[in-house]
Undergrad: 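Here's a structure for you.
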Amino acid sequence: MDHAADLPVILHHFDESPFSEKIRLVFGVKNIAWTSVRISRIMPRPDLMPMTGGYRRTPVMQIGADIYCDTQCIIRELERRFPAPTLFPGGNAGLASASAMWTDKSFFQNTVNLVFGSLADKVPQSFIEDREKLRGGKFDVAAMTAAIPQMRDQFRAHVGWIDAQLAANGPWLCGSEVSLFDINAYMNIWYIRSSLPVAEELLAEFLAVRAWETRMGAIGQGMRTEMSTAEALEIGRSATPQTREGDDPHDPNGRKVGDLVDVRPDDYGRIAVRGRIVALSAQAIAIRRHDEIAGDIVVHFPRAGFLVTPAG
Ligand SMILES: N[C@@H](CCC(=O)N[C@@H](CS)C(=O)NCC(=O)O)C(=O)O
């Protein structure tokens, strides 16, 4: 299985994952045929880790022996491979992409605290322990519960921005067509709706958002089929990475193809993935690694929100 055209677009995800919902919506907007590999909500993930080299956040996209980590990176690759319809109508690529630094960070942290603070003693101990390892600190559900009034205030402020934009300049956040801006902004609303009955009350006053939610819900997921984690690993093992080498003449640190580096997220789950640079740009870095189980793999990361350090 080495012809790029034969390789399925695989998403390693779990159904409750809000970041995965972003990618499922991209599949819907572009009407892509994709393969769903459901991974467990908590570690271990023994068929996936050999391919990511230890990166443990969700989702991860796999195309053969190329592994795309983080929704920023996955979305860029999907836009490159499936350009129509674009996620950036009206040339809004900069604004729509940058919006992730709001939706995935402060808005998401606010929403997560609201969700887990409200679920309180329904959160399984195994999940708490897993996320404490991921964060390298306490996953303090009691503190989140105590902070619910503040979290509601803040959630309301974030949703208010979306509502104001849609009311003045809808029906989508960039105007007349759906864009990545909508998908990023919708993630937290989808998450709260799918986790908490109180969402109805929290969103009641936002009429433009509610109408937009119906439009977002109608986008669907594209064409989805299921595959096991073991089958996906076998595809990765028997494929050859397709990424071409490419230096970045403007790299501010003089990094070059072939350099050995560690790449890790700068917020949490800071597990380093080590490999040799294959391709480099302002927005993406691809590194090649050899794994005893998965074979030769190229792992792709975004640059914003990630740390690249020399290794060895
Ligand atoms: N910046 C990442 C964030 C992904 C993220 O935090 N995902 C959550 C699940 S929705 C996660 O990884 N949780 C821990 C895990 O699944 O191990 C992205 O855009 O993909």
Side-chain angles (χ1 to χ4, degrees), residues 10-27 36-62 67-79 87 96-116 119 123-124 126-139 141 144 180-181 183-196 229 263-273 283-285 299-308:
I10 298 174
L11 189 72
H12 297 259
H13 68 137
F14 49 89
D15 287 324
E16 303 88 341
S17 156
F19 284 92
S20 305
E21 180 63 12
K22 291 205 306 191
I23 307 304
R24 295 185 293 250
L25 282 165
V26 172
F27 291 144
S36 154
V37 170
R38 285 185 218 212
I39 57 172
S40 99
R41 272 184 90 181
I42 59 175
M43 298 295 266
R45 296 174 183 144
D47 289 335
L48 180 56
M49 291 305 112
M51 292 195 282
T52 67
Y55 176 81
R56 66 145 292 179
R57 296 182 56 186
T58 309
V60 168
M61 183 171 78
Q62 174 191 356
I67 301 291
Y68 300 88
C69 298
D70 192 285
T71 52
Q72 264 192 82
C73 185
I74 297 170
I75 290 166
R76 184 170 307 103
E77 187 61 18
L78 287 173
E79 179 72 10
L87 296 170
S97 301
S99 69
M101 294 293 128
W102 156 50
T103 59
D104 297 13
K105 292 188 182 278
S106 65
F107 190 12
F108 177 64
Q109 283 313 323
N110 170 231
T111 311
V112 166
N113 287 357
L114 193 49
V115 167
F116 287 102
L119 294 175
V123 184
S126 57
F127 184 88
I128 293 176
E129 282 165 16
D130 182 79
R131 294 311 194 251
E132 287 189 337
K133 276 199 202 117
L134 173 75
R135 291 185 177 202
K138 206 164 155 52
F139 191 83
V141 174
M144 294 182 210
L180 179 59
F181 204 162
I183 291 172
N184 284 341
Y186 181 65
M187 173 181 86
N188 292 296
I189 310 244
W190 175 88
Y191 188 30
I192 209 110
R193 274 264 189 230
S194 58
S195 317
L196 298 181
T229 59
V263 184
R264 73 192 95 206
D266 72 358
D267 47 7
Y268 52 91
R270 292 163 156 244
I271 297 158
V273 181
Q283 297 299 338
I285 180 166
V299 194
H300 302 247
F301 296 96
R303 304 302 299 273
F306 280 74
L307 306 173
V308 179

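Values below: all heavy atoms of this structure, side chains included; hydrogens, waters and symmetry mates excluded. Sequential numbering from 1 along the given sequence is applied to the chain's residues. Numbering of ligands and ligand atoms starts at 1, following listing order.
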Undergrad: What short N/O contacts, under 3.5 Å, does ligand 1 make with the protein, listed by atom pair and distance?
TA:
| residue | atom | partner | partner atom | Å |
| --- | --- | --- | --- | --- |
| ligand 1 | 1 (N) | Asp70 | OD2 | 2.7 |
| ligand 1 | 6 (O) | Arg57 | NE | 3.3 |
| ligand 1 | 6 (O) | Arg57 | NH2 | 3.1 |
| ligand 1 | 6 (O) | Tyr268 | OH | 3.3 |
| ligand 1 | 7 (N) | Thr58 | O | 2.8 |
| ligand 1 | 12 (O) | Thr58 | N | 2.9 |
| ligand 1 | 16 (O) | Arg45 | NH2 | 3.0 |
| ligand 1 | 16 (O) | Thr58 | OG1 | 2.6 |
| ligand 1 | 17 (O) | Arg45 | NH1 | 3.1 |
| ligand 1 | 17 (O) | Arg45 | NH2 | 3.2 |
| ligand 1 | 17 (O) | Arg56 | O | 2.8 |
| ligand 1 | 17 (O) | Arg56 | NE | 3.1 |
| ligand 1 | 17 (O) | Arg56 | NH2 | 2.5 |
| ligand 1 | 19 (O) | Asp70 | OD1 | 3.3 |
| ligand 1 | 19 (O) | Thr71 | N | 3.2 |
| ligand 1 | 19 (O) | Thr71 | OG1 | 2.5 |
| ligand 1 | 20 (O) | Thr71 | N | 2.9 |

Undergrad: Please name all residues satisfying salt bridge (Lys or Arg N to Asp or Glu O under 4.0 Å) with Arg131, sequence neighbours left out, ordered by chain then number.
TA: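 Salt bridge (Lys or Arg N to Asp or Glu O under 4.0 Å) list for Arg131, sorted by chain: empty.
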Undergrad: Do Arg193 side-chain atoms and Ile189 backbone N/O form a donor-acceptor pair below 3.5 Å?
TA: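 Such a contact is absent between Arg193 side chain and Ile189 backbone.
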Undergrad: With a 4.5 Å limit on heavy-atom distance, are the side chains of Pro18 and Phe108 in contact?
TA: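 Side-chain contact under 4.5 Å: yes.
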Undergrad: Apply salt bridge (Lys or Arg N to Asp or Glu O under 4.0 Å) to Arg76 and list each qualifying residue two or more places apart in sequence or on a separate chain.
TA: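 Scan of Arg76 (salt bridge (Lys or Arg N to Asp or Glu O under 4.0 Å), adjacent residues dropped) gives none.
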Undergrad: Look at Lys105 together with Asp267 and state whether they make a salt bridge at an N to O cut-off of under 4.0 Å.
TA: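 Counted as a salt bridge, because a side-chain N and a carboxylate O are separated by less than 4.0 Å.
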Undergrad: Going by the salt bridge (charged side-chain N to carboxylate O under 4.0 Å, His left out) test, which pairs reach into residues 43-56, not counting sequence neighbours?
TA: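 For residues 43-56, and leaving out neighbouring residues, the salt bridge (charged side-chain N to carboxylate O under 4.0 Å, His left out) pairs sorted by first residue read Arg56-Asp130.
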